[in-house]
Amino acid sequence: MAERAAHDRRSWIAAVAGPTAGVVLGVLTAVAEVLFLLLAGLAVVAVSPVPAARRRIGATTVRYARRIAEWEQHRLAVSASQPPPPPVRASGPRVLGYLAARLLPAALGLLTAGLLVVGAVLAAIVVRSFVAGTMTTANFLLQGLIGAALLLVNLQAIASVATLDRWLARGLLESHTRAALQQRISELTVSRARVLTAVDAERQRIERDLHDGLQQHLVALGMLLGRARRSRDPEKASALLVQAHEDVQRAIDELRDVAWRVYPSALDHTTLDEVLAMVAQRSATPVKISYDVPVRPARPIETVLYFVACEAITNTTKHARATLITIEIEKRDARIEMRVRDDGTGGADPHGSGLQGLARRVTALDGQFDLHSPPGGPTTIRAMLPCA
């Protein structure tokens, strides 16, 4: 009986402390969000004469606003002891509108939290007066009864503010059923078209690699063997055979690279971090890998992450003149996040065929792909995929 009473008491404390802490934290984050919106607005006004810069700042603002909204959803889920919410798919104006609308629950939260602090101070004064003997027992009981009633009203107000905060998040960040269904159909249609485009582009790339690389090696190899066969000088024939053997080794390596671009077969018998470690050993630019995924993800997820990492390493080595590439893979709630950073010159074109192909691979698995590469660097590629 005593254990059940203690458990009920702990549950009641958790039920009260969770929303209260969530409301207080929501007030603090609302202040930061107001500053973010003000700075973003000033930046847009400052570059308004330049349309390209205005669009770039607008896209950056929406990207960071979506991350802030996802953090707010996570805060609300934790305070309500609920599972993590799905990624935010609302449009940019709805996300910015949500951050602006949070001013209302933040103001009400500040008022209710302030009243709670004032009530605690008044309760301390009443207790001190009773202990000092300046207040009678009847007055003390009356003040305690009034304080308990006001405390219940205050706690109810805090719960209402938390409910309002969650209602705003659901109303502005989560689409209604019909709208969500239509949006999902549109996303699947676009994703299917992008997958077909990516497959065609990958086929063209493989054909080009085979024609311009491996085929040329095989033609040169045939010519070397022909010269060795026709040569009547044993030493010259031996030298031609040695050169032919070296060309065979290079052709085998190139064939292996082409095969890995089609499908990384090494994932059949080893994990993603070990496969990326092998890729890093062949990279001309040093690569540092951090892998923190307790449970191995599904094969399609690993395959996409592998291609994103390989393409990022290849682009950095060719164009960025970087001295270090950092790959971080970790599990965040129900998603796998990979960040690829380099300290190169930056300025990567997000509309390039390689990066567009990576974006199509990621979105085909219901993921998110972001590129941040200002002129002068650094460049950061961020891919987030669901665990299943």
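The basis for the numbers below is simple: all heavy atoms, side chains too, and nothing from hydrogens, waters or symmetry mates. Remember, it's a predicted structure, so these values are computed and weren't measured experimentally.
Between R339 and E330 there is a salt bridge, since a side-chain N of the basic residue sits under 4.0 Å from a carboxylate O of the acidic one. Look at R296 and E302 and you find a salt bridge, because one of the NZ, NE, NH1 or NH2 atoms lies within 4.0 Å of a carboxylate O, short of that distance. The pair E70-R67 does not meet the salt-bridge criterion, since no charged nitrogen lies less than 4.0 angstrom from a carboxylate oxygen.
With a 4.5 Å cut-off on side-chain heavy atoms, I329 and E337 do not count as touching. Annotation: side chain of P105 is in contact with side chain of L168 (closest heavy-atom distance under 4.5 Å). Looking at heavy atoms from C-beta onward, L385 lies out of side-chain contact with R335 at the 4.5 angstrom threshold. A 4.5 Å side-chain heavy-atom check between R166 and T163 finds at least one atom pair inside the cut-off. By the 4.5 Å heavy-atom criterion applied to side chains, L122 and V118 are counted as neighbours.
For the atom pair L25 CG and L76 CG, the distance stands at 9.5 Å (nearest 0.5 Å). To the nearest 0.5 Å, atoms CG (L365) and CD1 (I336) are separated by 12.5 Å. The CG atom of D343 lies 3.5 Å from the OG1 atom of T323; values are rounded to the nearest 0.5 Å. Here CZ of R66 is found 12.0 Å from OG1 of T61. Values are rounded to the nearest 0.5 Å. Within the model, atoms CD1 of I301 and CE of M338 stand 11.0 Å from one another, a figure rounded to the nearest 0.5 Å. The distance from the OG1 atom of T29 to the CG atom of L99 is 9.5 Å, given to the nearest 0.5 Å.
In this structure, K288 places its NZ atom where only 12 or fewer heavy-atom neighbours from other residues, nucleotides or ligands lie under 6.0 Å away. Within 6.0 Å of CH2 in W167 there are 12 or fewer heavy atoms belonging to other residues, nucleotides or ligands. No more than 12 heavy-atom neighbours from other residues, nucleotides or ligands sit within 6.0 angstrom of CZ on R227.
When the side chains of ILVMFWY residues are joined at heavy-atom separations under 4.5 Å, either directly or via intervening members, L37 and V95 end up in a single hydrophobic cluster. Note on Y64: it does not cluster hydrophobically with V34, by side-chain heavy-atom contacts below 4.5 Å among ILVMFWY residues. The cluster map of Ile, Leu, Val, Met, Phe, Trp and Tyr, joined by side-chain heavy atoms under 4.5 Å apart, puts I158 and L104 in the same cluster. A continuous path of Ile, Leu, Val, Met, Phe, Trp and Tyr side chains, each step under 4.5 Å between heavy atoms, connects I289 with I313, placing both in one hydrophobic cluster. V23 and L115 fall into different hydrophobic clusters, where Ile, Leu, Val, Met, Phe, Trp and Tyr side chains are chained together by heavy-atom contacts under 4.5 Å.
A distance-only check finds a donor-acceptor pair linking the side chain of R94 to the backbone of L172 [under 3.5 Å]. In this structure, the side chain of D342 does not engage the main chain of I325 through any donor-acceptor pair within 3.5 Å. Of the possible polar contacts, none joining the S238 side chain to the P234 backbone as a donor-acceptor pair under 3.5 Å is found.
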Problem - Trace of the side chain to side chain contact (heavy atoms under 4.5 Å, CB included) decision for R341 with E328 - result: CA-CA 9 Å; R341 299 189 182 96; E328 299 175 345; 3.2 Å; yes
Exercise for the section: May I have the step-by-step check of side chain to side chain contact (heavy atoms under 4.5 Å, CB included) for S283 and T317, ending in yes or no? Expected result: CA-CA 8 Å; S283 173; T317 303; 3.9 Å; yes
Practice task
I would like to know whether L324 and T285 meet side chain to side chain contact (heavy atoms under 4.5 Å, CB included); could you show each step before the answer?
Solution key: CA-CA 6 Å; L324 178 64; T285 304; 5.8 Å; no
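Heavy atoms only, all atoms of each residue included: N154 and T112 are closest at OD1-O, 3.3 Å. Across all their heavy atoms, V27 and G109 have their closest contact at CG2-C, 3.8 Å. Annotation for V362 and M384: closest pair CG1-O, 4.2 Å, computed over non-hydrogen atoms.
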Please table the atom pairs, donor to acceptor, closer than 3.5 Å between any side-chain atom in residues 369-378 and protein atoms at least two apart or in another chain.
{"unit_1": "D370", "atom_1": "OD2", "unit_2": "R382", "atom_2": "NH1", "d": "3.0"}
{"unit_1": "S373", "atom_1": "OG", "unit_2": "G347", "atom_2": "N", "d": "2.9"}
{"unit_1": "S373", "atom_1": "OG", "unit_2": "A348", "atom_2": "N", "d": "2.9"}
{"unit_1": "S373", "atom_1": "OG", "unit_2": "T379", "atom_2": "OG1", "d": "2.7"}

Hey, can you pull the donor-acceptor pairs under 3.5 Å for the side chains in residues 274-281, sequence neighbours left out?
{"unit_1": "E274", "atom_1": "OE1", "unit_2": "T270", "atom_2": "OG1", "d": "2.0"}

Side chains of residues 127-135: which donor-acceptor pairs under 3.5 Å do they make with residues two or more places apart or in other chains?
{"unit_1": "S129", "atom_1": "OG", "unit_2": "I125", "atom_2": "O", "d": "3.0"}
{"unit_1": "T134", "atom_1": "OG1", "unit_2": "S129", "atom_2": "O", "d": "3.1"}

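Residues in residues 26-51 take part in these salt bridge (Lys or Arg N to Asp or Glu O under 4.0 Å) pairs, two or more places apart or across chains: E33-R102. Under the side-chain hydrogen bond (donor to acceptor under 3.5 Å, both in side chains) criterion, the residue pairs touching residues 135-148 are T136-N139, with sequence neighbours excluded.
Between L355 and the options D349, N315, V308, a side chain to side chain contact (heavy atoms under 4.5 Å, CB included) holds for only N315.
Looking at residues two or more places apart in sequence or on another chain, you find a side chain to side chain donor-acceptor pair (under 3.5 Å) between T271 and D273.
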